[in-house]
S.K.: 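Right, I'll just put the structure down here and ask away after.
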Amino acid sequence: MFARTMTRTAAFTRRDAVRLVIAGAVLIAVLGAILGADALSPQRLTAAVGEPAPYDVYAPRSTQYVSQIQTTAARAAKSQAVAPQFDYTAEGGQRAAAQQLAAFDQTVAPVDAAFGAILSEEARKAALGAAIPGLSSAAMATLEALDEPGWQALRAEMRSVLDEAQAQEIRDTDLDAARASLVSSISTSFPADQRSLAGEILSPLLVVDSTYSESLTEAARQKAADSVQPVVVKVSQGELVIQRGVPLGTLDLEKLKALGLIDQPADLARVAGWGLLALLLVVLLLTWTWRFRPRIWHRTNTLWLLGLLLVVSTLVVKIVASRSVLPFFMPLAAVGLLLTVLLDGGTALILICLLGALAATVAGSIEFGTFVLLGSLAGIVAVRRGERLANFLTAGLAMAVVNVAVVGAFGLLGEHDLAGTVQLWIGAIVAALGSAVVAVGTFALLGNVFGITTSFQLLELANPSQPLLRRLLLETSGTYHHSLMVGNLAEVAAEAIGADPLLARVGAYYHDIGKLANPVAFIENQGGQENLHDELPPEQSAAILKQHVADGIDLAYQYGLPKPVIAFIPQHHGTAVMSFFLAKAREEAVAAAGARPGTPEAEAAAAAVDERRYRHAGPKPQTKEAAILMLADGVEASVRSLSSQDEPAIRAMVDRIVRERLEGGQFDECDLTLRDVERIKAAFVKQLLGMYHRRIAYPQNKIVELESRRAAGGGTGSGA
């Protein structure tokens, strides 16, 4: 698990600038290529009209355009619906009626004269026969059979019918029908033969007063076409434009062309826009990392991890963004979970914020960006350090609740109907649970690939059945017990200051594994035997003690321990002085010089001892967890040596150990604060009091103690 600590921000060096340029250039190039791929090289469909589409095509973005094909078709239909236009006018109809009435009067004038004159029957018939040429024999017979009153009545009826008929529009196409209808217009009070006679007389007199006008017809059709508004087609991002296997039509090609998917050059403006967005994302991410996470910034593998997750998530967003519902099914929140577990929640949050903005821009949907941001944030909060599978389950449920709420909120805002909301709710739940599953399935793999120790690895290393811990128990039981006690202290102290308690505990378990190389050289493993250091020169004893650090590192690499755990081995001593052996060496130097203690000669002899030979090689603690381990290691050993382990003695010893390490400058290279130190001291005292509390002196224990003393005295008498 990555150490969740942060050192002071150093000045931006040339090395940082080179790192920023290289990492930034790579990320910007990759992101720019992903984001601008469709603009730089648009997907082009080569199928012609009538050929089946080779694949499904979805709209890469929302757009609207005027469909010239549909507009032309609508205008043509409107134009064809216009009826032929004629040149009839009311004035023309009245004028034609007057003319034809005059013609009627002229036509029947001989008949009027025949009936008005005093003629013999034969002469009148002869005059009537010659009056209106062209009459049929039946009509002529009807005319000859009329008397003057009958004729006058029929004449008046004919004139009235002609006047009324001719006053109406009579198109050249309707003349025959209009003449045929004259007979039916005569009053039925007249006999049928008289109505037929009237029809024959009037038919030639009814003339056309309205003829077809090509110019008027064309003008009307043009006006109708002009009244049709252009047909605007709207296309939503992710809409299925072309379905695979369906023959292409002209409308399909027009839509593809409007979307830039046919015969369109690269959209350099869009390419530049995506490149600028990639630049902003990468620069903000890298500068934030340099400013607030220097430990991530200075580790190439963690920068690779950040870049990989950003690139992969961007690629996923770009692929699915053109679909309407599919983006909501994607487990993008897994990015936040992975970074929280592998690095820390702050780094996860900044990347998720950038990813949310990117998702909203690429998908063209504020709802989708909000969905990614808030859902991922819920997972980051709920997953904690991911030490248990239950943490991931809790995170999945939290993300599902938030995702469903986001979709519901935008549904109420009118972004989609009820059916769409239900679909997105299903996607929200699938995405949340899928993110948890993806995170569980990949975080261990990513941790191994990028050299980041995961919580599951630490839990496995903390298992007593681990081979190295088994060796420590069997070969150095004193060191094993000491490591367990130090682990307890380190865990509660780390919890008190917000450090990683699991990492601190596991580091404590393995910090002294180097003692396996020479167990009896350390007093906790001597089991009442003589201390070999009583017979060794101080310098040699110091060398043996320092050697357990190097042996521990070798053994750790041999057993494949993670680097964060190995780092505890040299750092738990830092550059501290082995004061016991240094003091012993100085005493021997003073004695060898024959000087009395306290004299200048004695001080000179003591000063001649090379302190560096009695100082650990370091480095000093680099993290809060390593600093805690250094203190816990010293405190546990010192308190165990106390003759009285009551609260004042324990508190005084804890204060002394902490003060010595502070005065020795052992915490200069980690970000441990004075407030942290006070909390660590309080946690140590509380834990030690629990470990060394006074117990009740049970009577049975007293009897055993007396019998053991009696047996030790060698007597078998009756005793007192």
S.K.: Restricting to non-hydrogen atoms, name the atom on Gly245 and the atom on Pro52 that form the minimum distance, rounded to 0.1 Å.
M.R.: O-CB, 3.5 Å

S.K.: Compile the donor-acceptor pairs under 3.5 Å between side chains in residues 506-513 and protein atoms, sequence neighbours left out, one pair per line.
M.R.:
from   : atom 1 : to     : atom 2 : distance (Å)
Tyr509 : OH     : Arg505 : NH1    : 2.3
Tyr510 : OH     : Leu461 : O      : 2.6
His511 : ND1    : Ala508 : O      : 2.5
His511 : NE2    : Asp633 : OD1    : 3.3
Asp512 : OD1    : His548 : NE2    : 3.3
Asp512 : OD1    : His572 : NE2    : 3.4
Asp512 : OD2    : Lys515 : NZ     : 3.1

S.K.: Hey, what do you get for CG (Leu339) to CG (Leu305), rounding to the nearest 0.5 Å?
M.R.: 6.0 Å

S.K.: Could you check whether Phe392 and Phe443 have their ring centres less than 6.0 Å apart?
M.R.: yes

S.K.: Verify, without hydrogens or angle tests, whether Thr476 (side chain) and Thr479 (backbone) share a donor-acceptor contact under 3.5 angstrom.
M.R.: no

S.K.: Flag yes if more than 12 heavy atoms outside Gln466 fall under 6.0 Å of its CD atom; otherwise flag no.
M.R.: yes

S.K.: Does Glu460, at its CD atom, have more than 12 non-hydrogen atoms belonging to other residues, nucleotides or ligands within less than 6.0 Å?
M.R.: no

S.K.: Got a second to check how far Leu280's CG is from Leu31's CG, nearest 0.5 Å?
M.R.: 11.5 Å

S.K.: Taking the side chain as everything from C-beta on, heavy atoms only, tell me whether Thr370 gets closer than 4.5 Å to Phe410.
M.R.: yes

S.K.: Check this for me: Trp288, atom CH2, are more than 12 non-hydrogen atoms of other residues, nucleotides or ligands nearer than 6.0 Å?
M.R.: yes

S.K.: State the OG-CG distance between Ser376 and Leu349, to the nearest 0.5 angstrom.
M.R.: 10.0 Å

S.K.: I'd like to know if the side chain of Asn488 pairs up with that of Glu636 as donor and acceptor (distance under 3.5 Å, no hydrogens or angles considered).
M.R.: no

S.K.: Tell me if a side-chain donor or acceptor on Lys624 pairs with a main-chain N or O of Ala499 at a distance below 3.5 Å.
M.R.: no

S.K.: If you look only at distance, which donor and acceptor atoms sit under 3.5 Å apart when one is on a side chain in residues 555-569 and the other is two or more places apart or in another chain?
M.R.:
from   : atom 1 : to     : atom 2 : distance (Å)
Tyr559 : OH     : Arg471 : NH1    : 3.4

S.K.: Are more than 12 heavy atoms from other residues, nucleotides or ligands located less than 6.0 Å from atom CD1 of Ile366?
M.R.: no

S.K.: Please answer whether the main-chain N or O of Leu310 pairs with a side-chain N or O of Ser313 as donor and acceptor at a distance below 3.5 Å.
M.R.: yes

S.K.: How far does CG of Asn301 sit from CG of Leu446, to the nearest 0.5 angstrom?
M.R.: 11.5 Å

S.K.: Before you tell me yes or no, could you show the steps for Lys686 and Met691 under side-chain contact (heavy atoms from CB on, under 4.5 Å), namely the whole-Å CA-CA distance, both residues' side-chain angles and the distance that decides it to 0.1 Å?
M.R.: CA-CA 9 Å; Lys686 182 179 179 181; Met691 293 164 55; over 6 Å; no

S.K.: Check for a donor-acceptor pair, side chain of Gln571 on one end and backbone N or O of Gln622 on the other, with a separation under 3.5 Å.
M.R.: yes

S.K.: Please check this pair: side chain of Glu491 against backbone of Leu502, looking for a donor-acceptor N/O pair closer than 3.5 Å.
M.R.: no

S.K.: Rounded to the nearest 0.5 Å, how far does CD1 of Ile28 lie from CG of Leu279?
M.R.: 4.5 Å

S.K.: Tell me if a side-chain donor or acceptor on Trp274 pairs with a main-chain N or O of Gly32 at a distance below 3.5 Å.
M.R.: no

S.K.: Pairing donors with acceptors under 3.5 angstrom, does anything connect the side chains of Gln457 and Thr454?
M.R.: yes

S.K.: Examine distances only and state if a side-chain atom of Ser365 and a backbone atom of Phe368 form a donor-acceptor pair shorter than 3.5 Å.
M.R.: yes

S.K.: Quiz question: by atom type and distance under 3.5 Å, do the side chains of Thr300 and Arg19 form a donor-acceptor pair?
M.R.: yes

S.K.: With ring-ring contact (aromatic ring centres under 6.0 Å, His included) as the test, would you mind laying out the steps for Trp304 and Phe450 before giving the verdict?
M.R.: CA-CA 8 Å; Trp304 276 112; Phe450 291 96; 8.2 Å; no

S.K.: Looking at OG1 of Thr287 and CG of Asp16, how far apart are the two atoms once the value is rounded to the nearest 0.5 Å?
M.R.: 12.0 Å

S.K.: Any donor and acceptor pair, going by atom type alone, linking the side chain of Thr302 with main-chain N or O of Ile296 inside 3.5 Å?
M.R.: yes

S.K.: Give the minimum heavy-atom separation between Ala334 and Val438, together with the two atoms involved.
M.R.: CB-CG1, 3.9 Å

